[in-house]
Colleague: 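This is the structure, below, for whatever I ask next.
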Amino acid sequence: MARDLEEYLRPEVKSTPFCPGCGHGTLMNLILRAIDELKVSMDEMLFVSGIGCAAWIPSPNFNADTLHTLHGRAIAFATGAKMFNPKLKVMVISGDGDLTSIGGNHLIHAARRNIDLTVICANNMIYGMTGGQVASTSPLGAISSTTMEGNIYRPFDLCKLVLGAGAPYVARYSVTQPLSLVGAIKKSLTTHGFTFIEVLSPCHTQFGRRNRYDSPSDMLKMLMENCVSKEQAEHLSKEELKDKIITGEFSDGGA
Amino acid sequence: MGELKQIRICGFGGQGVILAGTILGYAAINDGKWVSGSNAYGAQARGGSARSEVVISKEPIKFPHVIESDILIALSQSAYDEYIKNVAEEDTLVIYDDLMVNPHNLRGAKQIGVPATNTAIHELNRKQVANIIILGASVAITGIVSKQALVSSITENVEERFRELNLKALEIGYNLGEEIK
Amino acid sequence: MKFEEIASTLPPRTYYFSGNEAVAEGAIAANCRYYAGYPITPSSEIMERISIRFKDVNGVFMQMEDELASICSVIGAVWAGAKAMTATSGPGFSLMQEGIGYAALTETPLVIVNIQRAGPGTGQATRVASGDLMQAKWGSHGDYHIIALSPWSVQEMYDQTIEAFNLAEQYRVPVFIMGDEATGHLRERIEVKAKVKVFNRIKKLGAPPFGTDQVDGIPPMPAFGEGEKLLVTGSTHNEFGFRKTDDPLVHSKLVNRINNKILNNQERIIKTESYHLDDAEVIVVSYGFTARSSLYAMDELRKEGKKVGLLRLKTIWPFADRIIHQIGGKAKKIFVPEMNRGQIIGEIMKYAACEVIPYNQTDGEIIHPHQIIRELRYLLNNM
């Protein structure tokens with residue numbers, strides 16, 4: 001991590017816990033960069049996370065109030081803290097399995113209630129910490145430790161899901177689009193109400209190795225090639241869009 | 001009857017049995033008594049059986065349900081048939097709605113018919129207040145709570161738009177009770 | 001002293017509340033200002049009253065999407081500085097168990113009211129039981145300790161709710177009120193006093209929030225937004241909250257402390273009520289609504305000169321082992337009526353030297369005084 005952001009980290013933290021090639025370290029950097037650019041004080045922030053690799057982005061690393069909770073329930077914990085003390089600026093950072101599978105019900109209801117939270121969902125398309133089992137976000141055909149012959153179920157379109165539940169700000173970017181991502185995080189922090197960013201963050205250890213991305217850079221290359229902006233997507237045929245990941249802001253907070 | 005009075009009000013769901021019990025309980029509180037009240041009813045809000053029990057005492061109440069009713073107020077035949085089995089032979093006073101209940105011939109228990117539903121239909125054009133009429137009559141007959149306490153209890157517990165109607169029903173019922181006893 | 005006398009928000013006088021209404025009022029009196037819950041029979045009147053009454057006191061009421069969310073949002077609110085609670089019944093209590101374990105490990109003070117109904121499964125939603133008492137102690141995984149109270153009247157639903165908040169804050173632990181349908185829906189006269197004694201959370205800025213050298217084992221508890229940069233986790237952690245998930249010493253120290261802070265203080269926590277224990281040959285040990293039946297039964301038999309006594313457990317957990325040991329050495333028999341297949345009797349048998357006789361009923365009905373009188377007569381005639 002860049003030295004200029006060190007003040008945002010707990011002094012006791014000497015390294016990140018993430019595997020080589022993991023996107024979460026980059027995401028950690030980009031979240032702090034957005035906070036730094038907005039000049040938000042870490043004293044105002046509360047970071048809430050669930051269980052899984054992404055839940056370790058804020059806890060224990062961020063030098064602010066952090067609440068590392070149960071698997072799937074981060075948004076419910078965050079709702080209680082925010083509703084009781086609205087002065088807290090509450091950001092939920094967790095993984096796709098945590099926020100959208102075991103915790104999917106809390107996600108849609110917090111969006112429906114328009115609770116003033118920023119939710120950052122680090123989507124690595126797999127259960128990383130538990131050893132690479134298929135997720136509700138794994139692509140069709142993906143090999144995982146529980147789908148050795150390929151995933152037969154469609155993945156969730158998380159942004160559509162949260163949009164359908166009424167969230168005023170919904171965006172999707174990959175860690176390979178750092179500038180857009182910092183912009184989106186800043187926008188979500190300054191938008192009142194429930195804001196949701198799906199971040200594509202590669203997991204080479206559990207996803208890449210099983211799915212023929214032989215090195216971490218292969219996974220990054222895949223994301224760079226497959227991510228297209230929603231504007232670009234408008235000009236692509238259904239066939240051309242087949243393996244693409246559409247990125248951009250799908251609801252911009254009514255601004 | 002001793003210091004402790006045990007009252008059981010019964011009928012079918014929708015007759016206002018539970019409300020009558022609650023109003024009676026509040027009235028006894030207004031009189032400065034100790035009260036325990038409990039209800040039993042089926043899962044459905046209308047129809048089915050309903051039962052409200054009120055125990056009133058000058059002292060704290062050990063067991064809060066009715067063990068043997070001193071007063072049984074019955075608003076329907078099926079409820080009457082069910083609970084008449086349990087009345088203590090000698091001392092129980094049975095007050096029933098004379099349109100809804102055809103009383104059994106009982107040795108011991110004193111039974112009084114009150115034209116509650118009949119009066120509710122003919123004088124107030126609202127059969128829903130039969131519960132308050134029979135409660136008013138029962139209070140006049142037994143003196144278990146004061147009339148004033150009952151009036152305040154209705155004022156406190158009945159929604160404003162029905163308050164006047166219920167107070168009128170109470171007045172009519174109380175007078176009926178005075179005449180009957 | 002961290003106890004403070006505050007004015008009741010409800011005008012002091014007599015009321016005719018249901019047990020569930022009394023719980024809501026007790027919570028408000030104890031300064032509870034966050035409630036999250038999910039509707040479930042027979043407890044829903046608690047949330048209904050809270051939703052109305054919180055408007056008077058600036059409380060935050062949330063009807064959540066399920067019981068998992070309810071308990072978790074309560075924990076979140078507590079760490080944001082609230083006194084908070086939820087109420088539920090059997091199936092909801094089962095769903096909350098994971099959150100209860102989290103609260104125990106993170107030493108989060110909160111109150112859960114369980115208006116018990118007849119289980120297992122959906123069981124009889126409108127009928128009474130006391131089948132969740134062992135679940136209250138053992139429902140979540142791992143070794144932890146909680147406090148569970150057992151009210152027998154509407155007055156006690158009010159008083160114990162206040163006490164539950166005070167115990168939760170004093171010991172930094174989840175506290176359960178193990179009510180039941182019969183007491184929740186019972187209406188009785190209750191006294192609301194002008195002043196309420198409440199325990200205020202102990203704060204000591206800069207001190208470790210998850211460890212202490214004090215003998216009582218209870219660390220101070222800061223809140224989010226106080227600049228403490230708190231690190232709260234449900235994983236094994238050191239005294240500052242850092243995860244130490246592969247350190248045997250840290251784990252055993254933490255688990256031992258969160259248990260011992262309750263067990264070592266149990267003489268201060270446990271409350272019982274004794275009737276005629278001195279000369280009793282048969283002692284009824286009873287709790288909750290059933291204790292009302294037991295009291296009546298004992299009085300009737302005493303009128304006949306029968307040597308019957310009653311020990312009422314107002315606290316279920318931690319268990320009153322010492323007094324049970326004591327009476328078990330004096331009485332000839334202990335009689336335990338329960339609206340379950342025999343739960344607390346197991347604890348009694350661990351500590352009582354005399355014969356312990358069960359009386360169990362699981363039909364969704366209360367145990368009537370006459371049933372207890374009949375059983376006790378039989379016991380007394382066969383001694």
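Computed from a predicted structure; not experimentally measured. Computed over heavy atoms, backbone and side chain alike; hydrogens, waters and symmetry mates excluded. Sequence lines set the chain letters: A, B, ... in the order given, protein chains first and strands last, and positions in each chain run from 1.
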Colleague: For the candidates A:P60, A:S49, A:A55, A:G72, which exhibits the highest count of non-hydrogen atom pairs separated by less than 4.5 Å from chain C?
Modeller: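 Winner by heavy-atom pair count: A:P60.
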Colleague: Side chain, backbone, both or neither: which part of A:L70 has a non-hydrogen atom closer than 4.5 Å to chain C?
Modeller: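 Both backbone and side chain.
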Colleague: Can you tell which of A:I51, A:N63, A:V48, A:T69 has the highest number of heavy-atom pairs within less than 4.5 Å of chain C?
Modeller: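 Maximum pair count with chain C is reached by A:N63.
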Colleague: Should C:V232 and A:H68 be marked as a side chain to side chain contact (heavy atoms under 4.5 Å, CB included) after you check the CA-CA gap, both sets of side-chain angles, and the distance that decides it?
Modeller: CA-CA 6 Å; C:V232 183; A:H68 178 237; over 6 Å; no
Colleague: Do you know which of A:S59, A:A110, A:P58 has the most heavy-atom pairs with chain C at a distance under 4.5 angstrom?
Modeller: A:S59
Colleague: Kindly indicate, with the supporting measurements, whether the criterion side chain to side chain contact (heavy atoms under 4.5 Å, CB included) is fulfilled by C:S73 and A:M83.
Modeller: CA-CA 9 Å; C:S73 88; A:M83 292 306 292; over 6 Å; no
Colleague: Between A:A78 and chain C, with a heavy-atom cut-off of 4.5 Å, which part of the residue counts as in contact: side chain, backbone, both or neither?
Modeller: neither
Colleague: Tell me the closest heavy-atom pair linking C:F224 and A:N85, and the distance in Å.
Modeller: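 Between these two residues, the closest heavy atoms are O-ND2, 4.3 Å.
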Colleague: Does any non-hydrogen side-chain atom of A:D43 lie less than 4.5 Å from one of C:E226?
Modeller: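 No. Closest side-chain heavy atoms not under 4.5 Å.
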Colleague: Surrounding OH of C:Y38 (heavy atoms of other residues, nucleotides or ligands, distance under 6.0 Å), is the total greater than 12?
Modeller: no
Colleague: Do C:I75 and A:R73 have side chains that approach each other closer than 4.5 Å (heavy atoms only, starting at C-beta)?
Modeller: no
Colleague: Do other residues, nucleotides or ligands put more than 12 heavy atoms under 6.0 Å from C:K203 NZ?
Modeller: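 Yes, because the 6.0 Å sphere around NZ of C:K203 holds more than 12 heavy atoms from other groups.
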Colleague: Is any side-chain heavy atom of C:E65 closer than 4.5 Å to one of A:R113?
Modeller: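 Result yes, sub-4.5 Å side-chain heavy-atom pair found.
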Colleague: Identify which part of A:L46 has an atom lying under 4.5 Å from any heavy atom of chain C, answering side chain, backbone, both or neither.
Modeller: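 Contact with chain C is through the side chain of A:L46 alone.
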Colleague: Decide side chain to side chain contact (heavy atoms under 4.5 Å, CB included) for A:F77 and C:Y102; before the verdict, give the C-alpha distance in whole Å, the side-chain angles of both, and the deciding distance to 0.1 Å.
Modeller: CA-CA 11 Å; A:F77 280 82; C:Y102 182 94; 3.5 Å; yes
Colleague: To the closest 0.5 Å, what do you measure between CE (C:M62) and CZ (A:F84)?
Modeller: 14.0 Å
Colleague: Could you tell me whether the side chain of A:E12 reaches within less than 4.5 Å of the side chain of C:L231, counting heavy atoms only?
Modeller: no
Colleague: At a heavy-atom separation under 4.5 Å, does C:A82 approach chain A through its side chain, its backbone, both, or neither?
Modeller: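 C:A82 touches chain A through backbone and side-chain heavy atoms alike.
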Colleague: So, for A:L88 and C:A80, which heavy atoms are closest and what is the spacing to 0.1 Å?
Modeller: CD1-CB, 4.1 Å
Colleague: With the side chain counted from C-beta on, respond yes when C:F242 and A:R10 share a heavy-atom pair under 4.5 Å apart, and no when they do not.
Modeller: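 Side chain of C:F242 against side chain of A:R10, heavy atoms only: contact under 4.5 Å found.
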Colleague: Going by heavy atoms in the side chains, are C:M64 and A:H106 under 4.5 Å from each other?
Modeller: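 The answer is no; the side chains never approach within 4.5 Å.
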Colleague: How about A:H109 and C:D66: do any of their side-chain heavy atoms sit closer than 4.5 Å?
Modeller: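 Side-chain contact under 4.5 Å: no.
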Colleague: Write out, in numerical order, the residues from residues 45-57 of chain C with a heavy atom short of 4.5 Å from a heavy atom in chain A.
Modeller: none
Colleague: If you tally heavy-atom pairs under 4.5 Å against chain A, which of C:T106, C:V60, C:V74, C:I71 wins?
Modeller: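 Top count of heavy-atom pairs under 4.5 Å with chain A: C:V60.
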Colleague: Check the pair C:K229 / A:F62 against side chain to side chain contact (heavy atoms under 4.5 Å, CB included), numbers first and verdict last.
Modeller: CA-CA 9 Å; C:K229 302 188 190 297; A:F62 289 1; over 6 Å; no
